[in-house]
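Beneath this line is the structure, given in structure tokens, with notes to follow.
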Amino acid sequence: MKNIFNKGNTDWYTDAFKAFEDRLNGQTSSEIHKLRKKSLRSFQELGYPTTKHEEWRYTNISSLIDNNFEISEPYLSGELSQKDIEKFQFHGLESRCLVFVNGHFASELSNTKDITENVEILSLQKTIDQNPDLVSPHFAKYASINDQSFISLNTAFLQDGTFINIPESVRLEKPVHLLYISVPDVRPKASFPRNLIIAGRSSEMTFIETFAAHKEGIYFTDTVSEIVLHENSKVERIKIQIESDQAYHIAALQAIQERDSRFIDHNITLGGALTRNDINSEFRAENGFCELYGMYSGNQKQHIDNHTTIDHAKPHCESNELYKGILDEKAEGVFNGKIFVRPDAQKTNAIQSNNCILLSDQATIDTKPQLEIFADDVKCTHGATIGQLNEDAYFYMRARGIEKSNARKLLIFAFASEVVEKIKFDPVREKVLEWFAEKLHALKPE
Amino acid sequence: MLEIKNLHVSVEGNEILKGIDLTINPGEVHAIMGPNGSGKSTLALVLAGKEGYEVTEGSVLYKGKDLLEMAPEERACEGVFLAFQYPVEIPGISNTYFLKSGLNAKRKYQGLEQMDAIDFLQLVKQKAKLVEIDEKLLKRPVNEGFSGGEKKRNEIFQMAILDPDLGILDETDSGLDIDALRIVANGVNKLKGPEKSFLVITHYQRLLNYIVPDIVHVLSEGRIIRSGDKNLALELEEKGYDWLKKEAEQVA
Ligand SMILES: Nc1ncnc2c1ncn2[C@@H]1O[C@H](COP(=O)(O)OP(=O)(O)OP(=O)(O)O)[C@@H](O)[C@H]1O
Ligand SMILES: [Mg+2]
């Protein structure tokens, strides 16, 4: 395939894989390990996507490749304390929290108490070891290792992450918090968290993913989540990315939606030097519902790329997508929103909108809605706006005495609020606003 | 209070105000009437400090200071308030939070302590009653989805909270039914005082039955072509503006 991939430096991970295997002692004959090896081969064959690759046109990852990240090592007891993770918790929110340090499960920092008996929320590593039959029917069946370099890389180095299995008709009222903390090292590290979430028939759950740094520094997170929504189930994900300003963050999510299921995603990006999200949902049966919300705020030279795909493969499904970006200084944004409506998918209802405000002359956004519609009886709309802050509102506020920079910040909050408000858990929404305010050097509006 | 001298204002290269002279003393209420497009809102917005309105000649003194030198927020903190002809919708910011920010900005400017949530709520309750505004509106985003009348009432409510020294009302009565009009006028009358002045822009004499002006000015094509007492408004209601325009042309 022409030069849309670049093989340069895949040797680095080939060598790293040998060391990784040694560390796994004894597990190298398992089914999972066969998958790892297959994924590594696939990665070696693919290499890295270049900007000639249609899906990577605006995101250049050469600095990521040059970094030679080492594979992170398992968590050592005592490395971090409860105090270190407290600032990433949501006060007033009752939730179970699984903490991962550099991608590895840290049991002593986690709170998995009072998990309903028949619900499984487990470290993926443990489940793979102890109960592979539970995992294997679904694992790596949805996120493709064949054509996406970073999914194959994640799967090759797969070790830890979360496995959630919600049985039929169980409704988890408290969300599950997956907290990923990276501890930057003088030798930059890569971690590969991996999630598999299975929502049984008529079940319901929310999980929160927070990606944060223990301190500033360079590191690389390559994460993949697969979510299976069985009939009439509802899964909501709230992802909050507040990585270090020097971090590389590449994430893929694949949701599979069966009949009458609802998938709701909130994707908040505040941190990271280079961020790439691929968020995909596929309707495998009728009457599914999918909502994708995103808010990203970039400054300095941050690069934030969101790619979403909603695959309307079946009739009578509905999707609603709203992304909002705020870019300042030399930040770069990329938005690509694909909506496929297959020939079979009559009565599809799909709405997409992407609005971005540029606060400086040097900030840029490349945005591309991509609707491919092969059915005729459908309702699809999309809109994209790029603009500045609302001048009339700005003047109106100043005419009421509100000082310039304050008025500006309030308007930025107001712009973002349409997305942030979709987060229904008050403590989570409040915390997001707090982190956002910190980023803007502002006070959070009440 | 306000002294406007030979004020010329251009917007995008077009001269809109062509030499306005207007002096408002403390305690006075002035009304400005005039046909559509004569420059009434332009005058109001220039006084509030809107960008894009270029003063090419003349001066404006407010409490003896050069008003045109001040930023919009500074003017507001000094006690100038404009009730907008077209209030702006700001989705995502609650009316209450918006107002509290404005009020506390003004208090900070005046060297006063920030008003806390409890005192502010009390003030809101009291003023909401005064202008008979539904408290539900206050929790909603600023003007978003408000009816025309609700927006106007909200302007007066904001004025009541911020308690300005110079209140400029740009067609606050347009689109109000008679009850609402009475309430709005009542709000203004309660704020009046020997140290407070108002500039009331309107198309309708009926407002001036409730807010009785000391002087009525007629603005036409960027100039004040006639000033008189409250009876001038009655005369205008009866005869329209044409006779005045003709007279003005003859003089010129
Ligand atoms: N941004 C602008 N660019 C060009 N012309 C403008 C602009 N804003 C206002 N004008 C013009 O200035 C003139 C005066 O407008 P202004 O809004 O002050 O009138 P007004 O007296 O308030 O009218 P109304 O009674 O309809 O409210 C109008 O002819 C208007 O078209
Ligand atoms: Mg006007």
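Note that the structure is predicted; figures quoted are calculated from it, not measured. The chains referred to below are lettered A, B, ... by the order of the sequence lines, with proteins before strands, and numbering in each begins at 1.
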**Ionic contact status for B:Lys65 with B:Glu78, cut-off 4.0 Å** = yes
**Asked** Taking every heavy-atom pair that is under 4.5 Å apart, which of A:Val420, A:Asp392, A:Leu411 has the most such pairs with chain B?
**Response** A:Asp392
**Request:** Let me know which of A:Glu204, A:Glu318, A:Glu291 forms a salt bridge (charged side-chain N to carboxylate O under 4.0 Å, His left out) with A:Arg262.
**Result:** A:Glu291
**Prompt:** In terms of heavy-atom pairs under 4.5 Å, which option from A:Glu391, A:Glu403, A:Met397, A:Glu418 contacts chain B the most?
**Reply:** A:Met397
**Message:** If you count heavy-atom pairs within less than 4.5 Å of chain A, which of B:Pro72, B:Ser101, B:Pro164 leads?
**Reply:** B:Pro72
**Request:** Only one of B:Leu103, B:Ile118, B:Asp163 passes side-chain contact (heavy atoms from CB on, under 4.5 Å) with B:Leu123; say which it is.
**Result:** B:Leu103
**Complete:** If one checks every heavy atom of B:Asn143 against chain A at 4.5 Å, the contacting part turns out to be side chain
**Asked** Does any heavy atom of chain A fall under 4.5 Å from the side chain of B:Glu144, the backbone, both, or neither of them?
**Response** neither
**Asked** Quick one: do A:Arg276 and A:Asp278 make a salt bridge, cutoff under 4.0 Å?
**Response** yes
**Request:** Answer yes or no: is there a donor N or O on one side and an acceptor on the other, between the side chain of A:Lys431 and the main chain of A:Lys87, under 3.5 Å?
**Result:** yes
**Fill in**
From the list B:Gln158, B:Glu51, B:Glu73, the residue making the most non-hydrogen contacts under 4.5 Å with chain A is B:Glu73
**Message:** Under a 4.5 Å cutoff for heavy-atom pairs, which residue among A:Ala407, A:Gly401, A:Ala416 has the most contacts with chain B?
**Reply:** A:Gly401
**Request:** Check each atom of B:Glu74 against the heavy atoms of chain A and say whether the ones under 4.5 Å are side chain, backbone, both or neither.
**Result:** neither
**Donor-acceptor under 3.5 Å (A:Gln302 side chain, A:Gly272 main chain)** = yes
